[in-house]
Each structure stands twice: as C-alpha cells, then as structure tokens.
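Only one structure is covered here, and it is reproduced in the block below.
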Amino acid sequence: MARQKIELAAEEAEELSRRARATTISVRDRRRAEIIVLSAQGLTQQRIAEQLGISRVAVNRWVGRFALHRLDGLSDRAGRGRKPWLPPAAVQQVVEQAVTPPPHLGRWSCRTMARAAGISPASVQRLWAASDIKPHLSRTFKLSNDKRFEEKFWDVIGLYLNPPDKALVLCCDEKSQCQALERTQPGLPLGIGHIRTKTHDYVRHGTLTLFAALNYLEGKLITRLAARHRHQEWLAFLKTIDEETPGDLAIHIIADNYATHKHPAVTRWLDRHARFHMHYTPTSSSWMNLVERFFRDLTEFITEKSFASTRELADAIITFLAARNENPQRYVWKAKGEDILRKIDAARQALAAFQPPSNAISETAH
C-alpha cells in the first residue's frame, strides 16, 4: 500500500519544529515530532527508522496517527502511562503552600516541604517543576515613583530606538567604590582535578571611582579614573568627553539624577557648551542606562583579582578598558517601549494588591 504523503500546515510545521528542538519536553514527544518532520520532508519510513534508531513499525504507527488526527494523534490515549499515586492532599499542600513559607523558615526547600507533606523530595521537585514554582529564585526590583516617569522614559528610549543624526548618544555614569582588595593569602590556580581557591578575608587598600561614557552606536568607552567622587570630578569627565569627541557633533548624555550631575557649577558649564544635551533617567530606573551593563562586566573582572594598592587596581582597570575598546561590544536596546510600560503597569497593580494598609510600627512585647 502506498504511504500517504504528509503535508503540514504552517502552524503544524512551526509546532512540530518547536517540539523537535525543545529540551524541556519528554524524549518521547520530541521523537514523535521528529518522525513527522522527516516524513513531511519526503524521507521513506525505512530511512527515518535508520536515522532515528527506531523500528519502522513505530514510524508507521505515528505517521498513520498523524494522518488521521493531526497533532492530537501524537498524544497518548487517555489511560495510558503510569497512574498517579501521590495522595491528592499532599499534592495540594505542596503546590498551594509553596508560596507561603511558615514563620520559622525564609522559604520552602524540597526537603522541608517533603517532610511537611510526607512525600519524597524528588516528588516535591517534580510537582513544583510541573507547576513552574521556583521558591529558590528571587529577583530584585524597584518601581519608580517619579511623577514624570513616562516623559523621561520615552526621552531615553527614543535615543536608543531612533538615534539622532550627526550626534553621539553616550550612556554615562560613575562606578564608585571600586575597592582595591588584597586577599590575605595567594590563591591556588585552577588545575586538573581541583578548583582554584581564594581566601574569604582580605585587606582594603582604598577605593577608586571610574567615570564611563558608553557610545551606544559603537560600543566604545570614554573613561576617567578619579580618587574621589564629587561634582569636580564629574565636570572634569565632561571636559574629557568634550576633548575626545568631534567638535561638530551634538552630544546626548544619558545619566541618572545623582546630585553631582546637577550641581550649579556643572549646570553653568553645560549652558556654555550648547552641543551637550542631558537626558535624565527616571528615579530608581538605572536599568535604562546601558552603561550599567558594562559595569557588571567590570565588576566580575575586579572581584576575581587581588590588589595590593589602588595603583594596581587602576592598572588592571586600564588594561581591561583598553582591551574592551580594541574589540568593542555594543549593547543594543530591542525591547519595545509599549511592552515595558505594560509590564510596569502590571507590576504596579500587583504591588498595590499586596500593599499593607499602614507602615506604622507598633510596639510589641518580647
């Protein structure tokens, strides 16, 4: 009998390709998707069986079921497989109580929940994974209370999504408190059979402040190291930018609302240099400044090393910056502003639902 040719609709081809590439579904479901994809490409059942390492009978079965029932035919019939054996009450407890840890625990773990529910830790892990519950993870956040949030938001995002012509967009900020920490003992290097080590304690040898301006279009950096963090150092950094950039280009600087950036002396200097245009991010919104992404890379570099002086720290930072500018990495803003605002509005609504009626502290007996 001639084998029925498989022709896929666009939606079916997309879903089957997703299943064939996915690593979060069962091997069984991924294999069935691979069978149909290969069959739609015109391969014979014998060729598919050889390529996937299965029997031709299995290939014939799933091709036939797909031809009759399409995607629904790739699912197991009801009643097949291992029957649930966990007590329903325990399952409900594991899922519902995961979001409300008891007073004596910061959060539930698989083992503490398993002891409370009377099942195994592996069962708790499977139930949480199936319900996408992750008590061990947390994220830091802060919603801006800036009354001009949306105005400032679009001002900054507009520079990313539609950079002005004949202008430079510089994401500027300072990384203060770069500490020169010296480990009390030399660490052992990484080797076969053992990991590298470093002491948990250290000696402080002072701090430095790095002023950085990230060129949004090129990824290159204009930087200045200083021993202190005042408006004088910020003003000196602005003068460095003025000197190291072409004089015929407008300069659009994205910065936060730190008082140093708005000092009267700085404001007077900006008034005298008309090509500088300041764009301030909303309060509590440093995530909008892409130079923060670079600071994360720099922090990982600094914390891995040991420095006996601020001079050593400065030399290491200068070496890191030179290598970075030789092979610049550009951070591209891709998120749509409307999508971000929609998420922020949803977060505000969720936060309002959990906002306590009063922040007053009452006296209690201990």
Side-chain angles (χ1 to χ4, degrees), residues 142-164 167-178 207-246 249-299 317 321 324-325 328-333 335 337 340 344:
K142 175 69 179 293
L143 292 178
S144 174
N145 294 321
D146 197 320
K147 295 181 179 179
R148 298 173 53 202
F149 174 83
E150 193 162 343
E151 174 189 345
K152 295 179 180 180
F153 172 84
W154 284 116
D155 181 38
V156 174
I157 298 301
L159 292 175
Y160 294 146
L161 300 180
N162 188 23
L168 294 177
V169 177
L170 301 179
C171 305
C172 300
D173 202 359
E174 50 274 311
K175 181 173 178 55
S176 59
Q177 300 296 317
C178 295
T207 62
L208 293 175
T209 295
L210 173 67
F211 295 85
L214 175 68
N215 188 324
Y216 174 68
L217 294 179
E218 296 182 359
K220 291 188 176 181
L221 290 149
I222 300 173
T223 58
R224 182 184 179 90
L225 279 169
R228 303 180 67 179
H229 183 199
R230 304 169 301 171
H231 76 274
Q232 291 94 329
E233 284 74 27
W234 171 252
L235 185 55
F237 179 56
L238 291 178
K239 294 177 181 178
T240 300
I241 295 175
D242 192 28
E243 295 171 357
E244 297 188 11
T245 55
L249 296 180
I251 305 294
H252 293 267
I253 291 182
I254 299 173
D256 59 25
N257 293 272
Y258 190 55
T260 297
H261 302 161
K262 300 180 179 180
H263 191 277
V266 175
T267 303
R268 288 193 297 269
W269 187 89
L270 290 171
D271 291 340
R272 295 194 303 269
H273 295 76
R275 75 184 187 117
F276 279 76
H277 306 275
M278 298 298 298
H279 304 265
Y280 296 106
T281 60
T283 57
S284 305
S285 300
S286 60
W287 50 270
M288 293 180 61
N289 197 333
L290 291 182
V291 75
E292 298 291 345
R293 178 61 181 81
F294 161 73
F295 284 158
R296 190 185 80 174
D297 295 339
L298 178 62
T299 300
I317 293 176
L321 295 173
R324 176 61 181 260
N325 278 339
Q329 177 183 356
R330 184 189 175 199
Y331 304 118
V332 181
W333 188 280
I340 297 174
I344 291 176

- Message: Go through it in stages, so that I can follow the logic: the residues are Phe295 and Cys178, the test is side chain to side chain contact (heavy atoms under 4.5 Å, CB included), and I'd like the CA-CA distance, side-chain angles, deciding distance and then a yes or no.
- Response: CA-CA 11 Å; Phe295 284 158; Cys178 295; over 6 Å; no
- Item | Spacing of CD belonging to Glu218 relative to CD belonging to Gln329, to within rounding of 0.5 Å | 14.5 Å
- Note on the structure: Note: Ala335 and Leu161 closest approach over all heavy atoms is O-CD2, 4.1 Å
- Message: If I take atom CG from residue Asn257 and atom OG from residue Ser284, how far apart are they, to the nearest 0.5 angstrom?
- Response: 9.5 Å
- Does Tyr216 reach the main-chain N or O of Tyr160 with its side chain, forming a donor-acceptor pair under 3.5 Å? yes
- Is a donor on one side and an acceptor on the other found under 3.5 Å between the side chain of Arg224 and the backbone of Leu210? no
- Query: If you round to the nearest 0.5 Å, how far is CG of Leu270 from NE2 of His261?
  - Reply: 11.0 Å
- With a 3.5 Å cut-off and no angle check, do the side chains of Thr209 and Arg230 form a donor-acceptor pair? no
- Task: Could you tell me whether Phe237 and His231 have their ring centroids closer than 6.0 angstrom?
- Result: no
- Query: About how many Å separate CG of Leu290 and CH2 of Trp333, when rounded to the nearest 0.5 Å?
  - Reply: 6.0 Å
- Heavy atoms only: give me the nearest Val156-Met288 pair and the separation to one decimal. CB-CE, 3.6 Å
- Query: Pick one: which of Asp242, Ile251, Leu238 meets side chain to side chain contact (heavy atoms under 4.5 Å, CB included) with His273?
  - Reply: Asp242
- Item | For Ile254, the option from Leu170, Leu159, Leu214, Asp173 that meets side chain to side chain contact (heavy atoms under 4.5 Å, CB included) | Leu159
- Query: Between Ser285 and Lys152, does any side-chain donor sit less than 3.5 Å from a side-chain acceptor?
  - Reply: no
- Item | Side-chain (Ser144) to main-chain (Thr283) donor-acceptor, under 3.5 angstrom | yes
- Message: Can you see whether Tyr280 has Lys262 sitting over its ring - NZ or CZ less than 6.0 Å from the centre and within 45° of the normal?
- Response: yes
- Could you please spell out the steps behind the side chain to side chain contact (heavy atoms under 4.5 Å, CB included) verdict for Asn215 and Val169? CA-CA 6 Å; Asn215 188 324; Val169 177; over 6 Å; no
- Query: In terms of ring plane angle, is the pair His229 and Tyr258 parallel, tilted or perpendicular, where the classes change at 30° and 60°?
  - Reply: parallel
- Message: Do Pro282 and Glu151 make a side-chain contact, defined as non-hydrogen atoms from C-beta onward lying under 4.5 Å apart?
- Response: no
- Task: In sequence, state the C-alpha distance, the side-chain angles, and the governing distance for Lys175 and Phe211, and then conclude on side chain to side chain contact (heavy atoms under 4.5 Å, CB included).
- Result: CA-CA 6 Å; Lys175 181 173 178 55; Phe211 295 85; over 6 Å; no
- Message: How close do Leu208 and Ala227 get, counting heavy atoms only, and between which atoms?
- Response: CD2-CA, 4.3 Å
- Task: Identify the two heavy atoms, one from Ala255 and one from Met278, that lie closest to each other, and give their separation to 0.1 Å.
- Result: CB-CE, 4.1 Å
- Task: With the side chain counted from C-beta on, respond yes when His279 and His277 share a heavy-atom pair under 4.5 Å apart, and no when they do not.
- Result: yes
- Task: Determine, step by step, whether Arg228 and Ser176 satisfy the side chain to side chain donor-acceptor pair (under 3.5 Å) criterion, reporting the C-alpha distance in whole Å, the side-chain angles of both residues, the deciding distance to 0.1 Å, and the verdict.
- Result: CA-CA 8 Å; Arg228 303 180 67 179; Ser176 59; over 6 Å; no
- Query: Given side chains that start at C-beta, do those of Cys172 and Trp234 come closer than 4.5 Å, heavy atoms only?
  - Reply: yes
- Can Trp269 and Lys239 be said to form a side chain to side chain contact (heavy atoms under 4.5 Å, CB included), step by step? CA-CA 9 Å; Trp269 187 89; Lys239 294 177 181 178; 3.7 Å; yes
- So CG of Leu298 and CG of Leu221: to nearest 0.5 Å the spacing works out to 9.5 Å
- Checking Asn289 side chain against Asp256 main chain: does a donor-acceptor pair fall under 3.5 Å? no
- Message: For Phe294, does the six-membered ring have the charged nitrogen or CZ of Arg324 within the cation-pi criterion, i.e. under 6.0 angstrom from the centroid and within 45° of the normal?
- Response: no
